[in-house]
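What follows is one structure encoded as structure tokens, with my remarks underneath.
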There are 2 protein chains.
Amino acid sequence: MNRTTSRYSCQKELQNADLRVTEARLGVLAVLKQTEKPLAAQDVLTYLKRHSIRADKATVFRIINSFAEKGIVVPVQFNEGRLRFETTSKGDHHHFVCDNCGYIEDISDCSITPLADDIQKKKGVIIRRHSLEFFGICTGCQK
Amino acid sequence: MNRTTSRYSCQKELQNADLRVTEARLGVLAVLKQTEKPLAAQDVLTYLKRHSIRADKATVFRIINSFAEKGIVVPVQFNEGRLRFETTSKGDHHHFVCDNCGYIEDISDCSITPLADDIQKKKGVIIRRHSLEFFGICTGCQK
DNA sequence: TTAGTTTATGCGACTAAGTCGCATTTGTCA
DNA sequence: TGACAAATGCGACTTAGTCGCATAAACTAA
């Protein structure tokens, strides 16, 4: 576990977000921070169980929702019938999802910001967030 | 009901897609074609009931899935915990969704195709579809 | 037009994601 | 340390979506 997922740094992050520090919240934050791909609530729950952190399903959902409200995580969806979440600390990026094997790859070299600015000007709306996902076949599944 | 949602044109479209023509399918296709914004299965079901077209929930899901397989509709997701669908006849476009009132606006003057091409080349993946949604506050909710 | 085959549908049961209320426990701060 | 507010566990619940199976309807060819 590196600096950004240490217990201490997670603790500070929760406090900065005005959230009480609990075992469950530390665990949820840690797994979301140390995992590459966006996680569904069920994945988080499994991780917590494996690390002997007691937390109910409802609690995990409540924690994730509170993180989302505070802007610590954002929802991501891959047409799976459930939401995934990832930390905002990863910065603005997008995803490629393989339709065949579910492989997820981050796409970071693709800026949408100018497009968003353009839309804001033309339509008069305020854009706070966007989601861009590409679906197709990964290199492995092409063989 | 105009030319593109007439019973006859829907009938032809189903036949072209190699799908049997049934009342339920005609109804689902018609409502998806004549509605501006993407619809959830429940919305379709409500429309069918209102038009006295008898169709079970499972049937509607099966119909929508078969349409998606044939490329007649594509899934759209707004972080709602359910999928919406819209006809592909609307062409490549994206959406702005108001976080406050749920208002949906089509964004058509925003081309992602060059970006997708770029990613395909760089990463070696094949991109078949993408989804781009903007979330924020619509003009009405800013007042 | 009809008989026969294939496919779609209705029904009901089921799963999985996510929510909610309420009693209890835990974190925080004075 | 004690009081209060907030978080949690539990269980019931809702909603999206799926599945199997018997029946009904659509297509095909004669």
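By convention in this document, chain letters (A, B, ...) are assigned in the order of the sequence lines, proteins followed by strands, and residues within each chain are numbered from 1.
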Could you tell me whether the side chain of A:Arg62 has a donor or acceptor atom within less than 3.5 Å of a complementary atom in the base of D:dG9? yes

Among the clusters formed by ILVMFWY side chains lying less than 4.5 Å apart, do A:Leu32 and A:Phe61 turn up in the same one? no

To the nearest Å, give me how far apart CG (A:Leu83) and P (C:dT19) are. 9 Å

Selection from D:dC10, D:dT8, D:dG17 that lies nearest to any side-chain heavy atom of A:Ile63: D:dT8

Classify the nucleic acid contact of B:Asp18 as base, sugar-phosphate or nothing, counting any heavy atom under 4.0 Å across all strands shown. nothing

May I ask you to say whether B:Lys122 pairs ionically with B:Asp118, meaning some side-chain N is under 4.0 Å from a carboxylate O? yes

Is it true that B:Lys37 and B:Glu86 make a salt bridge, defined as a side-chain N closer than 4.0 Å to a carboxylate O? no

Tell me the interatomic distance from B:Arg54, atom CZ, to C:dT9, atom C1', rounded to whole angstroms. 8 Å

Look at the side-chain N and O atoms of B:Asn65 and state whether any lies under 4.0 Å from the OP1 or OP2 oxygen of D:dT18. yes

Besides A:Phe134, the hydrophobic cluster formed by Ile, Leu, Val, Met, Phe, Trp and Tyr side chains linked at under 4.5 Å, directly or via other members, contains A:Phe96, A:Ile107, A:Ile112, A:Leu115, A:Ile119, A:Val125, A:Ile127, A:Leu132, B:Phe96, B:Ile107, B:Ile112, B:Leu115, B:Ile119, B:Val125, B:Ile127, B:Leu132, B:Phe134

Would you state whether a donor and an acceptor, one from the side chain of A:Lys57 and one from the base of C:dG18, lie under 3.5 Å apart? yes

When you measure from the side chain of B:Asp56, which nucleotide among C:dT19, C:dT7, C:dG10 comes out closest? C:dG10

Below 4.5 Å, heavy atoms only, C-beta onward: do B:Thr87 and B:Val74 meet side chain to side chain? no

Is the shortest side-chain N/O distance from B:Arg25 to OP1 or OP2 of D:dA25 below 4.0 Å? no

Residues in residues 66-80 of chain A with a heavy atom under 4.0 Å of DNA chain D, by number, are none

Interatomic distance, B:Ile53 CD1 vs D:dA25 C1' [rounded to whole Å]: 16 Å

Can you sort out the partners of A:Gln42 under side-chain contact (heavy atoms from CB on, under 4.5 Å), two or more places apart, ordered by chain and number? A:Leu45, A:Thr46, A:Arg82

A:Arg20 atom CZ is separated from C:dT26 atom P, nearest whole Å, by 13 Å

Within the structure shown, what part of the strands sits under 4.0 Å from A:Ala40 by heavy-atom distance: base, sugar-phosphate, or nothing? nothing

N/O (side chain, A:Thr22) to phosphate O (OP1/OP2, D:dA7) under 4.0 Å: no

End axis versus end axis in the helix from C:dT1-D:dA30 to C:dA30-D:dT1, the angle rounded to 10°, five pairs used at each terminus: 40°

Kindly say whether, by distance alone, the side chain of A:Arg82 makes a donor-acceptor pair under 3.5 Å with the base of C:dA17? no

In this structure, how many angstroms lie between the C1' atom of D:dG17 and the CD1 atom of B:Ile64, rounded? 11 Å

A:Arg84 or B:Glu23, whichever maps to the more 5' nucleotide of DNA chain C: B:Glu23

Side chain of B:Phe61: nearest nucleotide among D:dA16, D:dG9, C:dG10? D:dA16

From the candidates C:dG12, C:dT6, C:dT28, the one with an atom nearest any side-chain atom of B:Ala58 is C:dG12

A:Phe78 meets the ring pair (Phe, Tyr, Trp, His ring centres under 6.0 Å) criterion, sequence neighbours left out, with A:His95

For A:Leu45 and C:dG18, give me the distance from atom CG to atom C1', rounded to whole Å. 12 Å

Residue pairs meeting side chain to side chain donor-acceptor pair (under 3.5 Å), one or both in residues 52-62 of chain A, sequence neighbours left out, come to none

State, without any angle test, whether B:His130 and A:His94 hold a side-chain donor-acceptor pair at a distance under 3.5 Å. no

How far apart are the closest heavy atoms of B:Ile137 and B:Gln142, and which atoms are they? O-NE2, 3.3 Å

